Amino acid sequence: MLTTRLYMLQRITALVMAPLVLGHLAVMIYAVQGGLDAAEILSRTQGSILWLVFYGSFVAAVSIHAAIGVRVVAFEVLGLNKRILPIVAWCVFLALMILGLRAVYAVTLSGAGL
Amino acid sequence: MSQDLSVSVWRSETNAFQEFAVPAQKNQTILDVVSWIQANSDPTLSYRFACRVGMCGSCAMMVNGEPRWTCRTHVKKVLKSNNLEIGPLRNLPVVKDLATDMDPFFDKWVEAKGVFESTKTRHDDMEPIIPDAPERMAASAAIECINCAVCYAACDSVSGNAEYLGPAALNRAWSLVNDVRDGAYEERLEAASGAGGCHNCHSQGGCTAYCPNELNPSASIAGLKKETSRNWFGWGRS
Amino acid sequence: MMTVERHDTDILILGSGGAGLFAALHAQQTAPKARITLAVKGLVGKSGCTRMVQGGYNVSLGRGDSVERHFMDTINGGKWLPNQDMAWKLCKLAVERIHELENEVGCFFDRNSDGSLHQKAFAGQTFDRTVHKGDLTGIEIISRLMEQVLSRPIDKLQEHRAIGLIPTKDGAAISGVLFIDMRTGRFRFIRAKTVLMATGGGPTMYKYHTPSGDKTMDGLAMALRAGLQLRDMEMVQFHPTGLLAGDHTRMTGTVLEEGLRGAGGELHNSHGHRFMFDYDPKGDRATRDVVSRGIYAEMRKNNISPNGGVYISMSHLGPENVRNKFPGMVKRCADSGFDLAAGKVEVVPTAHYFMGGVVVDENTRTAMEGFYVAGEDAGGAHGSNRLGGNGVANSTVYGGVAGEVMGQDVQNITALRDPDETVLEEEIVRAMRPLSNKPTLIQPLRTKLQNAMWEDVGVMRTATGLRRGALALDTIDDELMMLGVDDGNLAFNLTWHDWLNLRSLTDISKTITAAALTREDSRGAHFREDFPEAGAMETSTYTLAKRDGDSVKITQQEVDFTIVKPGETLLADGEPETLVGAAQ
Amino acid sequence: MIKPHRNHPLWFAFLLHRVSGVVLALFLPVHFYVLALALTDPAGLNGFLSLTENIWVKIAEFGLVFLLAAHMLGGLRLMALEWLPWSDRQKTFAVTAVAGAFAISCSFFLSAVQ
Ligand SMILES: Cc1cc2nc3c(=O)[nH]c(=O)nc-3n(C[C@H](O)[C@H](O)[C@H](O)COP(=O)(O)OP(=O)(O)OC[C@H]3O[C@@H](n4cnc5c(N)ncnc54)[C@H](O)[C@@H]3O)c2cc1C
Ligand code: HEM
Ligand code: SF4
Ligand code: F3S
Ligand code: FES
């Protein structure tokens, strides 16, 4: 099932995410004070290369990380056939990657007119 | 003594638990309860034991849903409002009633390269080994395993993943990784990195919680994960 | 008639204790092309007594010790009855075997701080020579051997119980072995060019006994039926301190280790009196047989604990200290509800080891061509008493020898031999006997046998008692033939096997009793109250037992002192008699 | 319900990590989708964000933040025990991770409701 390669990938992406998640959580705790507002979020993020890199790397890492994780759970809990597993993993990866990058694009680049 | 114990025992013929009343005794183990039933109540009941003192590891069963060596589990310790439920060990095929087929467990032991590869012969001197050298202590910590498969039954990674080598086999492999006399370091790491290898352990800790010999297979597997990770980066032996 | 599945192999090994596993390993190394089959009553490596070895493994590794000294201790311990060639080979090859166990098999023996093997003291020896792994030496030896065997091309037949040795028509050679596949309840006959019997004896016909439950003298009973000679059959070793926890628990009879007394543990009777000094100046630290008899004498005087034994008390040494020194024993007692560290625990002498066995030469060959015996099934190496630590040395040394000898012999045997089909048929009928009787409980008769042997053929013997025992055994035999087992489902039918166990045990009990009656002196483990003297060593004899129609004939054979005569020694002039304690 | 052999802290830590991982994997695409609204339908995003005024939505978010924090701390715990020298205080570790997750999500919740 899990070989060293997948295991390492999952661990490395987890390590990449850890500071990002912490940062994200800190921002969230700060941001939700007094309610959420789209304009407020966008004013912070849009046009910022920093946030682009921040959320971009999160999306990349989480797509890999979750794809591997879901693959394991699908195998161990749902007992999915080993031939279907790579398909499941790739689907999760691509879905997260596409949706994620689109979101990052939306909140960081789209309004900046780039 | 006072009240009879009410004991439900798994029967493979009916695929169900069967009730027995067993006289309670002062010094009584779960194995004694099972033996009493076979000797006095139902001569067709099948189970397995050999040493009766916790050395051979052939008597393990599920007792009230928990894996245990039965010859050294005192009834007092596990009795719940006078009830006992005794079934065959989890995660292994059942031969009959309470006896399981332990072959998959031992096949995996061999698959994990849980076997010493010699570098010397019977005609050579023995390797001088300082008893409190760190490698020796690490190898020693994992060695007193009686291959009872209690840990194997406690592990849900084993239940979910038929390939997974399981805690006991990996624990043995780890002991050998630390054994300075052994000559199969690379092969063993490879065996521990394969599709059923150490990375399939999710650190559930049941192995360590239930090992009747107080071994820590969970720590041994963590050791293998670390060693294989180092190896993956090409950092060499720790 | 029942159908019999038939198979062929080249080398067939019965039993997976130290002897069986070593034989498999060496046979595979000597004859890699041969088909090797390992057939066991339990699971491979998980049955038998080698696994239960606590104390350790005797071997002389220099530093003042020598093979000669080990040999002299073995001969003295066996009271001049051992087959000296076997004892010599045991002591000599133990050295190579321990190196093999450590270097090739991977055993993990305890070390001294300088990195060399640690050797501890064991009673009855003039040098501290017992190699060990904590107090779980057997688990280490068997687990490592098991791994080696499991990872080699050796066929295994687990839960296959050997029930009959099947000779050729002329009876001169072995054809194969008849088994019950316990998991299915079917018969299986396996022809083999060579067969090793290593089923490990095991005196489990006594009320209190230490060996594992799978050992019930099947091997010796089969050998007796096959017409082979057995020797030293009266020699049953009792361990003085078996746990006594009542008749209803299998824990009763299991060993509380000898080290407890060595460390200062005291034996008390029900009045709190430390009685061993009444019997021997060494008190609690006297040898196994002396202490066993001391306890037995107290039991006769009725100075007994609630379950009918005496007490071992450790608490005066400080509970914490005891817990640190004997963690395994303390935990084991605690698991069965006793506090060894701070309280006192009931103990009783318990049948531990069987010195008697099949007559073999020092290459494990028997009188039957193609048939070999090693380990506790083989007689001769220990004579009238076995040194603690010589049991596992014996099984591993001679198991290995058997593997090599069979590996060589098998290359000169071109064809499998055909069985005597009538014997095969008879053995099947014999095994199926209880299936046509009305089902009954089996256990009460086993209890009866165990009580009879304990009372009359046990620690202390008299002619009257032995005769009474013999009579009891006859009735037990008759009753056994009337007991029945339901033949509805023979798969994993333990009750059927209980009956078969009882049958083997009764056969061998009769032989023990007959031999004990013949031996009118007291040697080693055999103690006759009516003949308390050991007799002259120079004219020592040993007993031989052989089937004679439906009964057993016992004869006496003079010991051939091939290496050393009584009064002589192999130790060099001026070498001290004992080196124990010399270092302190 | 919980089988007896699972009734110990490390197994619950495993369960929490697995459940949180899977729930996050399910939630993340939704989260990305909502953020991407900034690009396609800014009003929709704001409409959604105003939903967060609802106390039930707040509680659900609290849950998500809790799961994210718990998963992360749990993951860090795993990597620590796999790669750092083994410590016997694994159970304490597991409990600390959960407590940490609670602390983070509570501060999130508090700042959200005030
Ligand atoms: C509690 C205990 C402690 C001991 N401590 C020591 C010690 O410290 N030092 C020492 O030197 N010795 C010790 N001994 C003695 C030693 O263990 C034995 O003498 C020795 O190991 C016997 O080895 P074996 O291979 O002949 O038989 P075993 O190891 O007993 O193996 C017998 C094998 O034969 C199988 N078998 C039995 N019947 C059949 C059948 N009908 N068909 C097929 N297979 C069968 C069994 O299942 C088993 O696999 C101890 C013994 C006991 C019981
Ligand atoms: C936020 C997005 C995240 C998602 C969607 C996610 C998802 C998952 C999933 C589904 C698993 C599989 C669970 C299992 O095998 O039992 C998993 C495992 C894991 N996750 Fe995450 N994770 C995320 C973030 C993180 C972070 C931030 C970390 C650590 C810092 C982390 C560390 C781990 C680790 C170490 C595993 C392996 C667990 C195991 O093998 O049992 N994850 N993750
Ligand atoms: S590690 Fe413990 S539980 Fe597992 S097989 Fe060994 S002794 Fe049994
Ligand atoms: S229970 Fe199983 S998941 Fe790992 S820590 Fe033990 S092997
Ligand atoms: S019977 Fe041997 S461990 Fe229980």
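For clarity, every value in this text was computed on a predicted model and none was experimentally measured. What you see below is based on every heavy atom in this structure, not just the backbone, and it leaves out hydrogens, waters and symmetry mates.
- Highest contact tally toward chain C, considering only B/T73, B/D132, B/D107, B/D125, is held by B/D125 [criterion: heavy-atom pairs under 4.5 Å].
- Judged by distance alone, the side chain of B/K96 and the main-chain N or O of C/T184 form no donor-acceptor pair under 3.5 Å.
- Among residues 144-152 of chain C, the residues having any heavy atom closer than 4.5 Å to a heavy atom of chain B are, in sequence order, C/R144, C/M146, C/E147, C/Q148, C/L150, C/S151.
- Across every non-hydrogen atom of B/Q38 and C/D498, the tightest pair is NE2-OD2, 2.9 Å.
- Judged by distance alone, the side chain of C/K46 and the main-chain N or O of B/S58 form no donor-acceptor pair under 3.5 Å.
- The side-chain hydrogen bond (donor to acceptor under 3.5 Å, both in side chains) with C/T249 is formed by just one residue from the set B/N27, B/T29, B/D32; it is B/D32.
- No side-chain donor-acceptor contact under 3.5 Å links C/R183 to the backbone of B/D101.
- Ranking B/C148, B/G57, B/C71, B/P23 against chain C, the residue ahead of the rest is B/G57, based on heavy-atom pairs under 4.5 Å.
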Apply salt bridge (charged side-chain N to carboxylate O under 4.0 Å, His left out) to C/E102 and B/R122, showing your working.
-> CA-CA 8 Å; C/E102 164 84 26; B/R122 60 197 81 167; over 6 Å; no
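- With C/R111 contributing its side chain and B/P128 its backbone, the two residues share no donor-acceptor pair below 3.5 Å.
- The part of C/F109 that comes within reach of chain B is its backbone (N, CA, C, O), which places non-hydrogen atoms under 4.5 angstrom from that chain.
- Judged by the 6.0 Å and 45° rule, B/R48 forms no cation-pi pair with C/F492.
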